[in-house]
Amino acid sequence: MRLILIVAALGLLTGVGVAVAHDGHGGKTVAAASATFTATTAGNARTETCTGSDGNAYATTRGTWTGTSTGDSNSPSLTGNATIDATAVVNTTTGYGTVSGRIRIDGTSGGHVSANFDAVDTNGVIAGLAEGHGSPQGGQLVANLSASFAPTGTATGFTNGKLGGGTTGGNAAFVTSGGCQPQQPQKPDTIKADGIVSAVSATSITAANTTCAIPSNLTSTVAGLNLTVGSSTVDMKCVAANGTNTLQSINADKGPHGDDKHGPRHH
């Protein structure tokens, strides 16, 4: 199917293939047009992967791709620099997915065309519908859109793109709930221990049945407390990650008269 460019005034259209319809609002004109486009220069493109509730692997790519568009003789406003902002969600196990976003063409003859689109991705070939507006005509744009799309790899972006002009037919896909989000890094657990020191060395300390490794930035702090095994009491905080407890802060508890048993507090 060819691209349909709808404008509000008959005087703005010339050439063949123009159909005119009248309605109660003064009438509209409809002209067939088409363009080819390529946008392979990626800007800020990034891909995240995860496993969906269906057990399949998914890749979500967001980015901007730039290139050029060439309109036919009836479509000078579709000739110029092309910019595509798109989000692709692809089931990498089956090859099916969706690609949606916005295509903008800054025409060399002046003005621009901007349209939002939604397309189905079948093993790197997308087909869908684009709708938007163009200037200086200020008309509505309705177009079948197709292209080859590669979010990653040596050849990325949109190639063999078509707006109208015999776009490739596409498959249909159901989009349902039950997707996935990229796994977030697990936050480490914090362990607090307050009790008598049962063991201490240059590399670790144990109090209240909790042993924590002493990082290099706290080595001098622990040594400065002059702790005594079996009598010194500390209040310490450790971070647990990957099976290891690491000291984060330590204080020497105060004595009965408000004085530190073993010097000032340290963090």
Side-chain angles (χ1 to χ4, degrees), residues 1-8 12-13 15 17-19 21 28-45 60-90 96-151 156-175:
M1 178 179 288
R2 294 176 66 80
L3 173 147
I4 305 298
L5 181 62
I6 302 175
V7 296
L12 296 177
L13 286 176
V18 177
K28 295 181 179 180
T29 60
V30 180
S34 66
T36 59
F37 64 89
T38 298
T40 57
T41 301
N44 195 31
T60 300
T61 301
R62 299 177 178 86
T64 300
W65 289 265
T66 56
T68 58
S69 173
T70 303
D72 65 11
S73 59
N74 295 323
S75 317
S77 62
L78 296 178
T79 297
N81 293 325
T83 302
I84 301 176
D85 296 301
T87 298
V89 180
V90 178
Y96 281 86
T98 62
V99 181
S100 59
R102 181 175 68 96
I103 179 170
R104 176 186 171 106
I105 301 171
D106 294 301
T108 55
S109 60
H112 70 272
V113 173
S114 180
N116 295 323
F117 68 90
D118 289 288
V120 174
D121 187 338
T122 307
N123 295 313
V125 177
I126 69 170
L129 183 68
E131 295 185 272
H133 293 83
S135 63
Q137 298 98 328
Q140 181 184 4
L141 176 70
V142 181
N144 288 301
L145 176 148
S146 68
S148 296
F149 176 66
T156 62
F158 298 82
T159 57
N160 303 316
K162 292 182 180 181
L163 288 169
T167 56
T168 303
N171 292 313
F174 284 109
V175 180

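Just so it is clear, the model here is predicted, and its values are computed rather than measured.
Using cut-offs of 30° and 60° on the angle between ring planes, the pair F149 and F158 is tilted.
Considering every non-hydrogen atom in both S77 and I105, the closest pair reads O-CG2, 3.9 Å. What you find for T156 and P151 is that their closest heavy atoms are CG2-O, 3.9 Å. Here the shortest heavy-atom pairing between S148 and N160 reads OG-ND2, 3.7 Å. Heavy atoms only, all atoms of each residue included: G71 and T79 are closest at N-OG1, 2.8 Å. Across every non-hydrogen atom of L141 and A115, the tightest pair is CD2-CB, 3.7 Å. Listed here is the closest heavy atom pair of S100 and D118: CB-OD1, 3.1 Å.
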Before giving the answer on side chain to side chain contact (heavy atoms under 4.5 Å, CB included), spell out for D121 and V89 the whole-Å C-alpha distance, their side-chain angles and the decisive distance to 0.1 Å. CA-CA 9 Å; D121 187 338; V89 180; over 6 Å; no
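In summary, of the residues considered (N44, I84, T83), a side chain to side chain contact (heavy atoms under 4.5 Å, CB included) with T64 occurs for T83 alone. Here the options are L163, L129, N144, V99, the test is side chain to side chain contact (heavy atoms under 4.5 Å, CB included), and the partner is F117; only V99 passes.
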Side-chain donor-acceptor contacts of residues 35-42 below 3.5 Å, not counting sequence neighbours, with atom names and distances?
none

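Considering OG1 of T66 and CG of D106, their distance stands at 11.5 Å, rounded to 0.5 Å. Going from atom CZ of R102 over to atom OG1 of T87 covers 12.0 Å, rounded to the nearest 0.5 Å. Rounded to the nearest 0.5 angstrom, S146 OG and I126 CD1 are separated by 7.5 Å.
Listed for the D72 side chain is a donor-acceptor partner under 3.5 Å among the backbone atoms of S34.
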